[in-house]
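Taking it in order: structure first as C-alpha cells, then the write-up.
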There are 2 protein chains.
Amino acid sequence: MELKRATDGEKGFEKVFAFLRERLLAGSLKPGDRLISERELATLLGVSRPIVREALRALTVLGIVEIRDRIGTVVTRPDVSVLNDFFTFALAQHADMLDDVMQARVAIECQAVRLACERANIADFERLQRALAKIGETIDEADAGGMADFDFHRAIVVASHSETLTVLHASLAGLLTHSHRSRRELVQAFPSVKTYLMDDHRRIFEAVIARDPERADATLRKHFAIGDEYRRRAVVGDIDKTSASG
Amino acid sequence: MELKRATDGEKGFEKVFAFLRERLLAGSLKPGDRLISERELATLLGVSRPIVREALRALTVLGIVEIRDRIGTVVTRPDVSVLNDFFTFALAQHADMLDDVMQARVAIECQAVRLACERANIADFERLQRALAKIGETIDEADAGGMADFDFHRAIVVASHSETLTVLHASLAGLLTHSHRSRRELVQAFPSVKTYLMDDHRRIFEAVIARDPERADATLRKHFAIGDEYRRRAVVGDIDKTSASG
DNA sequence: TCATCATACTGGTCTGACCACGATCAGACC
DNA sequence: GGTCTGATCGTGGTCAGACCAGTATGATGA
C-alpha cells in the first residue's frame with residue numbers, strides 16, 4: 001500500500017502549511033497576491049481539500065491570509081490585531097489577573113506618551129484636546145465619562161505612532177473596560193475625583209504639548225497611582241480626601 | 001427549506017469557533033480540560049466534521065488548544081510561542097517593524113523593572129546576579145553573550161512577578177533575539193561596548209537591589225538609548241566613542 | 001489475580017458531491 | 001460598433017459517509 005508518502009515526510013496539514021509558509025517567508029508570496037484555488041492546491045500537494053482548508057484557516061487566524069468568499073485566498077499585509085485574539089484568550093483565564101493586566105497597560109501607555117512627545121503631530125494634539133474636552137463634558141456621566149476617559153488614553157497611544165503599542169493597548173483595553181467603568185463610579189463616591197480627572201488629564205496633555213517625555217511619563221504614572229489609591233479607598237469605604245500616595 | 005438553522009446567525013466555522021471561544025473565555029473550559037470529540041462537537045453544533053476541525057486547527061495555531069492524535073483535543077495553557085509564528089511571518093515582509101516592537105519591549109521592561117524593585121525576592125536577586133555574572137563571562141562571545149544579555153533582561157521581567165508582562169515580553173522575545181545577537185556584534189566594532197554592557201547591567205541590578213524604581217527605570221531606559229546609539233553609529237560606520245546621547 | 005485480545009473509541013484523512021455567488025465572455029440588442 | 005444581458009465556469013463553503021491507525025478499556029481466558 002503506497003499510501004502517499006515519498007513526496008515528503010510531513011503529513012497532511014503540516015505539508016500544506018509548510019508549503020505555504022515557505023513561499024510566504026521566501027517572499028514569493030507577497031501581500032496582495034492571490035493563492036491558487038483550494039482545489040488546485042489540494043491536487044498539487046496530494047491532499048484533500050478539507051486539509052487545505054485547515055491550513056488556509058490556520059493562516060487566516062494568524063492574519064497572514066484572507067479567505068474571500070467566492071473570490072479566492074489572498075495574502076494580506078500582516079496585521080498585529082491577531083494578537084488581540086490571542087491575548088483575549090490568554091489573559092482571560094484568570095479574573096484576578098486584572099491588576100496584572102493593568103500593569104501592562106501602564107507600561108504601554110507610559111512608553112506611548114514618551115513617544116507621543118516626540119512624534120505627535122497637530123492632528124494628534126487636536127484629538128487629545130477633543131478627548132480632554134469630552135472628559136469635562138461627561139464628568140458626571142458614568143458610561144459616557146468612562147468612554148471619554150478611555151478615548152483620551154487611547155489618543156495618547158495613537159499619538160505614539162507605534163502600531164505595536166497601539167495594538168497591545170487595544171488588546172489590553174478590552175479586558176480593562178470594567179476597570180474604566182468602575183473608576184467612573186468613584187465620581188459619585190469622591191467628589192474630588194472630578195478635579196483629579198480633569199487636572200491629571202490636562203497636565204498630561206500639556207506635557208505632551210510641551211514635548212517633555214519625562215514629565216509626561218511621570219504625570220501619567222502618577223495619574224494611574226492616584227486612580228489606584230482612589231479605588232483602594234473606595235474598597236475600604238474611606239471618606240473623601242484630595243491627597244493620595246504617589 | 002430549513003437550511004441553516006435559526007438558532008444562530010453565524011455560519012459553519014464561525015459558529016464552532018464562537019462556541020468554543022465562549023466556553024474558553026467564560027472559563028467553563030480551562031487548561032487541561034479535554035474537549036468532546038470532533039464528531040460529537042459536529043453533531044452538537046449541526047456542522048460537519050471538517051468544519052469542526054477548521055475551528056480546532058484555528059485554536060491550535062492560536063496556542064489555545066492542542067490536538068493529540070487519537071487521544072483528543074485538550075485545552076492548553078496559552079503558550080506565547082504562537083506569537084513567534086506570527087512575528088516571523090510579519091517580519092518576513094516588514095523588517096521596519098523591528099523598531100516598533102522594540103518600543104514595546106522598552107515599555108514592558110521599564111515597567112517590569114519598577115515592579116521588580118517592589119516585588120523581587122532573594123531568588124530573583126540571585127537570578128539577576130547569575131545573569132550579570134554570565135554577561136561578564138561571555139563578554140567576548142557573540143552567541144553566548146547575546147543569550148546572557150537576554151537572560152538578564154528576562155530575569156528583570158520575571159522578577160516583576162507579573163504574568164502579563166512576562167507573557168508580553170516572551171512573545172516579543174523571538175524578535176529580540178535577533179536584536180540581541182546583532183547587538184553583540186557591536187562588541188567587536190566598539191571595544192567600549194564591553195564596559196557599557198557590564199556597567200549598565202550592573203547599575204540596573206544595583207538599582208533593583210536598592211529597590212529604587214525611578215533609578216532602575218531611568219537606568220534601564222538609558223541603557224536602551226545607548227544601545228540604540230551604538231547601533232546607529234555602527235550603521236554610519238562611526239568610530240568608537242564612549243559617550244552617547246541619553 | 002493477571003495477561004491477553006476484541007472492541008469501541010479517538011484523531012487524520014479522503015472522496016465526491018452540492019450550494020450560492022462572483023467573474024467572465026458570448027450573444028443579443030441598441 | 002458599442003453596450004447590455006445572460007449563461008457558464010470557477011470559487012469558496014459545506015456536507016455526508018467512509019476508511020485508516022492507533023489508544024483505551026473492558027471482557028475473556030489462563
Side-chain angles (χ1 to χ4, degrees), chain A residues 1-21 23-24 29 31-76, chain B residues 1-21 23-24 29 31-76:
Chain A
M1 291 289 290
E2 27 56 45
L3 298 176
K4 38 298 221 18
R5 231 35 41 79
T7 50
D8 46 57
E10 290 130 343
K11 51 187 63 161
F13 169 82
E14 288 297 338
K15 193 194 308 190
V16 184
F17 193 77
F19 175 83
L20 292 173
R21 163 168 29 208
R23 318 274 149 151
L24 286 163
L29 276 179
D33 291 357
R34 201 169 101 232
L35 270 61
I36 58 179
S37 74
E38 299 176 353
R39 289 174 177 83
E40 286 180 90
L41 212 44
T43 63
L44 176 63
L45 296 178
V47 300
S48 66
R49 198 148 83 92
I51 301 300
V52 171
R53 285 187 62 78
E54 278 185 40
L56 293 180
R57 190 68 79 173
L59 290 172
T60 298
V61 301
L62 285 176
I64 314 296
V65 130
E66 184 182 350
I67 305 181
R68 295 188 187 155
D69 196 355
R70 276 156 257 133
I71 302 292
T73 306
V74 299
V75 183
T76 67
Chain B
M1 22 75 95
E2 21 53 50
L3 296 176
K4 298 291 174 53
R5 224 53 28 90
T7 51
D8 42 63
E10 289 132 343
K11 50 185 63 166
F13 169 82
E14 289 295 339
K15 194 194 309 190
V16 184
F17 193 77
F19 175 84
L20 292 173
R21 164 171 24 211
R23 320 273 149 153
L24 286 163
L29 275 179
D33 292 356
R34 201 171 97 232
L35 270 61
I36 58 179
S37 74
E38 299 177 352
R39 289 173 177 84
E40 285 180 89
L41 213 45
T43 61
L44 175 63
L45 296 178
V47 300
S48 65
R49 201 148 81 93
I51 301 300
V52 172
R53 286 187 60 77
E54 279 184 39
L56 293 180
R57 190 68 79 174
L59 290 173
T60 298
V61 301
L62 284 176
I64 315 294
V65 131
E66 185 182 348
I67 304 180
R68 294 184 187 159
D69 196 354
R70 276 155 257 139
I71 302 290
T73 306
V74 299
V75 183
T76 67

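In what follows, every chain begins at residue 1, and chains take the letters A, B, ... in the order their sequences are listed.
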By nearest atom, which of the nucleotides [options] is closest to the [X] side chain?
X: A:Ile51; options: D:dC15, C:dG11, C:dT13; answer: C:dT13
X: A:Arg70; options: C:dC14, C:dT10, D:dT11; answer: D:dT11
X: B:Phe13; options: D:dA21, D:dT14, C:dT13; answer: D:dT14
X: A:Arg49; options: D:dG13, C:dC14, C:dG22; answer: D:dG13

Tell me: [atom1] of [X] to [atom2] of [N], nearest whole Å?
X: A:Asp69; N: C:dA20; atom1: CG; atom2: C1'; answer: 8 Å
X: A:Leu45; N: C:dT13; atom1: CG; atom2: P; answer: 13 Å
X: A:Leu56; N: D:dT14; atom1: CG; atom2: C1'; answer: 15 Å
X: B:Arg57; N: C:dG11; atom1: CZ; atom2: P; answer: 12 Å
X: B:Glu38; N: C:dT13; atom1: CD; atom2: P; answer: 10 Å
X: A:Ile67; N: D:dG10; atom1: CD1; atom2: P; answer: 21 Å
X: B:Leu35; N: C:dC9; atom1: CG; atom2: P; answer: 18 Å

Watson-Crick or G-U counterpart of C:dT24, or none if no pair lies under 3.5 Å: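 Matched C:dT24 with D:dA7 under the 3.5 Å cut-off.
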
Non-neighbouring partners of A:Phe13 that pass ring pair (Phe, Tyr, Trp, His ring centres under 6.0 Å), sequence neighbours left out: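 Partners of A:Phe13 by the ring pair (Phe, Tyr, Trp, His ring centres under 6.0 Å) criterion, ordered by chain and then number, come out as A:Phe17.
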
Within the 4.0 Å heavy-atom criterion, would you say [X] contacts the bases, only the backbone, or no part of the nucleic acid?
X: B:Glu40; result: sugar-phosphate
X: B:Glu54; result: nothing
X: B:Arg53; result: base

Residues B:Leu45, B:Val52; criterion side chain to side chain contact (heavy atoms under 4.5 Å, CB included); working and verdict: CA-CA 9 Å; B:Leu45 296 178; B:Val52 172; 5.8 Å; no

Pairwise 5' ranking along DNA chain C for A:Ser48 and A:Ile71, keeping only the more 5' one: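 Mapping each residue to its closest nucleotide by heavy atoms, the 5'-most match is A:Ser48.
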
Identified side chain to side chain contact (heavy atoms under 4.5 Å, CB included) counterpart of B:Ile36 within the set B:Leu41, B:Thr43, B:Thr73: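 The passing option is B:Leu41.
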
Closest approach of A:Arg34 to A:Ile71 (non-hydrogen atoms, all atoms of both residues):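 Smallest interatomic distance, heavy atoms only, reads NE-O, 3.6 Å.
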
Heavy-atom closest contact (A:Val61 atom, B:Ala58 atom, distance):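 Taking every non-hydrogen atom into account, CG1-CB, 3.5 Å.
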
Donor/acceptor link under 3.5 angstrom from B:Arg39 side chain onto base of C:dG11: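 Looking at the base of C:dG11, it does pair with a donor or acceptor on the side chain of B:Arg39 (distance under 3.5 Å).
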
Contact under 4.0 Å: A:Thr73 side-chain N or O vs D:dG12 OP1/OP2: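 Affirmative; the distance criterion is met.
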
